[in-house]
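Keep in mind that what you see is a predicted model, and the values were worked out from it rather than measured.
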Amino acid sequence: MQSELETSVRLRFAPSPTGYPHLGNIRTVLFNWLFARHHGGKFILRIEDTDVARKVEGAVEAILDSLRWLGLDWDEGPYFQSQRLPIYHEITQSLLQKGHVYSCYCSPERLQTMRQEQAKRKQPPKYDRRCRDLTQQERAQMEATGVTPVIRFRTPLDGETTICDLIHGPITFKHDTLDDFVLLKSDGYPTYHLAVVVDDHLMAISHVLRADEWLSSTPRHVLLYQALNWQAPQFAHLPIILGPDRARLSKRHGATSITEYQKQGYLPDAMANFLALLGWSLDDRTELLSREELIKHFSLERVGKAAAIFNKDKLEWMNGVYLRKLSPDEFAQRAMPFLDRDLPESVKRPLDSSYVSRVLSLIQERARTLAQAPQLASFFFLDELQYDTGLLLCGKLDAQSTAKAVTTALQYLEGVMNWNATDLENILRPLAGELSSGTREFFGLLRVAVTGRTAAPPLFQTMAILGKEKCLKRLNTALQLLSNLC
RNA sequence: GCCCCCAUCGUCUAGAGGCCCAGGACAUCAGCCUUUCAAGCUGAAGAUCAGGGGUUCGAAUCCCCUUGGGGGCACCA
């Protein structure tokens with residue numbers, strides 16, 4: 001049975017469609033989602049599209065896609081603030097009547113020069129409240145000029161507001177460090193401060209988990225809640241995620257949008273696990289947690305305060321762990337699109353799925369991302385291998401003895417009836433001693449001939465999958481290359 | 001300039017006064033396994049707990065200062 005607290009837990013993710021969601025955004029969603037699911041509450045999606053100018057085409061779809069990819073489902077929404085304008089207007093009217101807000105007629109130009117002068121005088125940039133106490137007559141005059149005013153909040157001149165952050169504890173802000181912020185823009189759209197407060201209240205949001213960058217605007221929101229006579233939700237400000245250079249995550253840090261990680265072949269579960277550990281931990285040793293375990297154990301008490309630097313190496317490692325945990329079938333199913341996308345064009349499509357499955361069984365353990373699969377497996381698909389002939393001579397043997405070794409191997413292989421890994425090994429292993437200094441050299445030589453590389457999956461399994469015809473052909477090619485060196 | 005937040009190995013972190021001359025993970029290095037690679041196993045190195053003052057019998061843990069880092073101060077969110 002759920003307690004009353006649990007049924008009333010309502011979280012939300014409220015991105016603005018001004019770009020594609022990046023790691024930081026997604027980590028925030030994850031925490032919101034985990035908290036909601038942990039408490040059996042609701043998770044709501046709301047699009048804060050109140051900035052017409054900065055709106056980015058396709059951003060909303062990218063947000064929805066990212067959430068779906070990560071399996072972060074929502075119970076309500078998406079709501080769009082741009083469709084809720086009348087609500088904000090109505091609330092603004094009531095605030096106006098109660099005297100909590102006022103119309104401001106200052107032009108953007110005036111505000112800008114004001115700020116410039118403040119900067120020159122090393123003063124904090126703050127609205128000088130010129131329109132705060134206009135007389136009725138002055139207001140009428142301004143209205144008559146036809147300028148559309150903005151609506152500003154009448155911030156108390158003295159006193160202070162203490163917010164009780166669930167992660168940081170109590171934090172006090174003096175009102176005289178705040179200014180009269182804008183609630184309604186002249187284009188009729190609300191600012192973030194108005195819209196977020198109104199919607200969080202109307203949507204009965206119980207907990208606001210958002211990034212630390214919002215911490216200093218929280219007193220404004222609390223003041224607004226008070227003016228509206230509404231109960232404020234609980235706030236929890238999450239540590240920010242930084243790039244390796246300790247700067248905020250941005251384009252410069254390579255893959256920043258979450259869809260990019262999808263393209264690079266990371267698994268949603270690995271991503272979620274990794275992101276959960278950025279700012280949260282279960283204990284001193286548990287690192288690998290399934291979706292269910294994350295939900296079960298997530299709590300705000302175990303969220304840290306310090307900003308975290310994104311460590312891609314660890315993400316890759318973890319993704320490798322998840323990749324290896326997949327069943328062979330599932331791995332093949334997931335890797336197939338990547339092969340299709342990234343294998344050279346010369347490779348005929350559609351790919352033979354049963355061949356692909358066998359190939360991928362050797363790749364699974366070696367790939368840290370799905371996008372590495374095509375590169376790891378390419379020699380299985382190519383007709384002609386391109387490699388440096390010198391690789392054939394990496395051991396102590398000269399070109400002639402090497403050629404002899406290959407020739408002998410070919411002789412034996414041609415007669416093989418059952419082309420499988422065990423038989424191949426049984427035939428080739430005894431040859432290593434007589435033809436070369438040992439298995440390392442002999443098998444190494446064959447490996448280069450058959451795969452074109454010095455690092456590849458186990459030789460005999462590789463040959464078995466490649467098939468007799470292809471192997472013999474490649475060994476003959478190697479022989480030709482060697483004859484050029486003799 | 002003002003306000004706010006933060007500070008444990010390179011990185012993610014454990015640590016809520018004695019269990020810590022600080023534990024785990026990634027990365028690094030070495031060894032084992034082995035036909036190469038990967039995986040796996042074992043081990044090493046890596047943090048005077050930013051610095052300085054207190055409080056205390058005792059501090060990474062509490063308080064203060066300093067320093068450093070980050071965030072905010074738009075008719076952006």
Side-chain angles (χ1 to χ4, degrees), chain A residues 14-19 48-51 53-54 104 106-108 111-112 115 118-127 148-152 165 168 171-174 176-179 181-187 189 191-193 195-196 211-219 237 239-240 242 244 246-248 274 277-288 301-302 304-318 320-321 324 362-368 376 394 425 428-429 432 438-448 451 453-460:
Chain A
S16 67
T18 53
E48 311 223 317
D49 54 348
T50 56
D51 188 342
R54 289 206 311 154
C104 168
C106 297
S107 70
L111 295 174
Q112 202 191 341
R115 274 186 224 110
Q118 285 166 337
K120 220 179 289 174
R121 277 178 273 137
K122 305 237 183 224
Q123 287 176 333
K126 274 168 65 178
Y127 176 55
T148 315
V150 301
I151 304 295
R152 285 183 187 273
D165 189 273
H168 294 276
I171 303 166
T172 300
F173 296 85
K174 291 197 170 61
D176 61 14
T177 63
L178 271 29
D179 72 348
F181 51 100
V182 174
L183 292 182
L184 202 63
K185 303 183 253 184
S186 56
D187 64 2
Y189 280 77
T191 61
Y192 172 79
H193 302 304
V196 78
D212 256 340
E213 58 198 283
W214 294 108
L215 193 51
S216 36
S217 45
T218 307
H237 288 90
I240 289 184
L242 307 172
R246 309 207 112 267
R248 300 176 72 171
F274 175 78
L277 259 19
L278 236 42
W280 175 86
S281 62
L282 174 59
D283 54 31
D284 61 341
R285 52 195 68 251
T286 313
E287 303 245 60
L288 267 12
E301 288 79 62
R302 299 205 57 87
K305 297 176 182 176
I309 293 174
F310 166 57
N311 180 193
K312 194 170 180 178
D313 277 341
K314 190 157 181 173
L315 204 213
E316 273 208 15
W317 163 77
M318 191 172 276
V321 173
R324 274 174 255 128
L362 296 186
I363 299 304
Q364 179 163 10
E365 193 178 69
R366 294 167 173 76
R368 304 191 115 200
L376 289 168
C394 53
E425 179 162 8
L428 292 171
R429 190 174 282 280
T439 52
R440 177 179 293 263
E441 187 172 52
F442 184 52
F443 293 169
L445 158 63
L446 296 179
R447 176 176 305 105
V448 171
T451 69
R453 347 179 149 179
T454 54
L459 181 59
F460 307 114

### Message
Can you check the distance between B:G31 and B:A45, where both ends of the measurement are the C1' atom (answer in whole Å)?
### Response
14 Å
### Residues which pass side chain to side chain donor-acceptor pair (under 3.5 Å) with A:Asp49, listed by chain and number, not counting sequence neighbours
A:Ser82
### Task
Measure the shortest side-chain to side-chain distance between A:Lys305 and A:Pro239 over non-hydrogen atoms and say whether it is less than 4.5 angstrom.
no
## Note on the structure
Sorted by chain and residue number, the salt bridge (Lys or Arg N to Asp or Glu O under 4.0 Å) partners of A:Arg324 (sequence neighbours excluded) come out as none
### Query
So which nucleotide does B:C2 pair with, by the Watson-Crick or G-U wobble rule with both distances under 3.5 Å?
B:G72
### Query
For B:A50, which nucleotide is its Watson-Crick or G-U wobble mate, given both distances must be under 3.5 Å?
B:U66
### Non-hydrogen side-chain atoms of A:Phe460 and A:Leu428 separated by less than 4.5 Å
yes
### A:Cys106 side chain reached by A:Tyr127 side chain, heavy atoms, under 4.5 Å
yes
### Pair assignment for B:U42, Watson-Crick or G-U wobble, requiring both distances under 3.5 Å
B:A30
### Query
In the strands shown, is B:U61 matched to any nucleotide by a Watson-Crick or G-U wobble pair with both distances under 3.5 Å, and which?
none
### Task
Could you check if a side-chain atom of A:Arg429 sits within less than 4.5 angstrom of a side-chain atom of A:Phe443, using non-hydrogen atoms only?
yes
### Message
Under a 3.5 Å cut-off for both contacts, is B:C19 paired Watson-Crick or G-U wobble with anything, and if yes, with which nucleotide?
### Response
none
## Note on the structure
The side chain to side chain donor-acceptor pair (under 3.5 Å) partners of A:Gln112 (sequence neighbours excluded) come to none
### C1'-based separation of B:C64 from B:C21 [nearest Å]
27 Å
### Under the ring-ring contact (aromatic ring centres under 6.0 Å, His included) test, residues paired with A:Trp317 that sit two or more places apart
none
### Message
Taking only side-chain N and O atoms of A:His168, does any of them lie within less than 4.0 angstrom of OP1 or OP2 on B:C6?
### Response
yes
#### Entry: Integer-rounded Å distance: B:A39 P and A:Leu362 CG
16 Å
### Query
In whole Å, what separates the C1' atom of B:A22 from that of B:A47?
8 Å
### Message
In terms of relative ring orientation, are A:His168 and A:His237 parallel, tilted or perpendicular, with 30° and 60° separating the classes?
### Response
tilted
### Task
Please state the C1' separation for the pair B:G43 and B:C5 - nearest whole angstrom.
41 Å
### Query
Across all strands shown, which nucleotide pairs with B:A25 by Watson-Crick or G-U wobble geometry, both distances under 3.5 Å?
B:U11
### Message
Does A:Gly304 reach a base, just sugar-phosphate, or nothing at all? Heavy atoms under 4.0 Å.
### Response
nothing
### Message
In whole Å, measure the gap between the P atoms of B:G18 and B:C12 for me.
### Response
26 Å
### Letter per nucleotide, 5' to 3', of nucleotides 19-36 of chain B [B base touched, S only sugar-phosphate touched, - untouched; heavy atoms, 4.0 Å]
----BBBBS-------BB
### Task
With heavy atoms under 4.0 Å as the rule, sort A:Arg324 into base, sugar-phosphate or nothing.
sugar-phosphate
### Query
How far, in whole Å, is B:G23 from B:G46 if one measures between their C1' atoms?
14 Å
### Task
Provide the distance between the two C1' atoms, one in B:A16 and one in B:G10, to the nearest whole Å.
27 Å
### Query
Quick one: are A:Met318 and A:Leu288 in side-chain contact, heavy atoms under 4.5 Å?
yes
### Task
Please determine, for B:U56, whether a Watson-Crick or G-U wobble partner exists with both distances under 3.5 Å, and give it or none.
none
### Task
Going 5' to 3' through nucleotides 67-77 of chain B, assign each nucleotide B (protein heavy atom under 4.0 Å from a base atom), S (under 4.0 Å only from sugar-phosphate atoms) or - (no protein heavy atom that close).
--SSSSBSBBB
### Task
Would you kindly give the CD1-to-P distance between A:Ile309 and B:C9, to the nearest whole Å?
11 Å
### Query
B:A39 C1' sits how many Å from A:Gln364 CD, rounded?
11 Å
### Query
When rounded to the nearest Å, what value does the distance between P atoms of B:U66 and B:C26 take?
40 Å
### Task
By nearest nucleotide on RNA chain B, pick out whichever of A:Phe274 and A:Arg302 is the more 5' one.
A:Phe274
### Message
Can you confirm whether A:Leu178 sits close enough to A:Pro219 that some side-chain heavy atom of one is under 4.5 Å from a side-chain heavy atom of the other?
### Response
yes
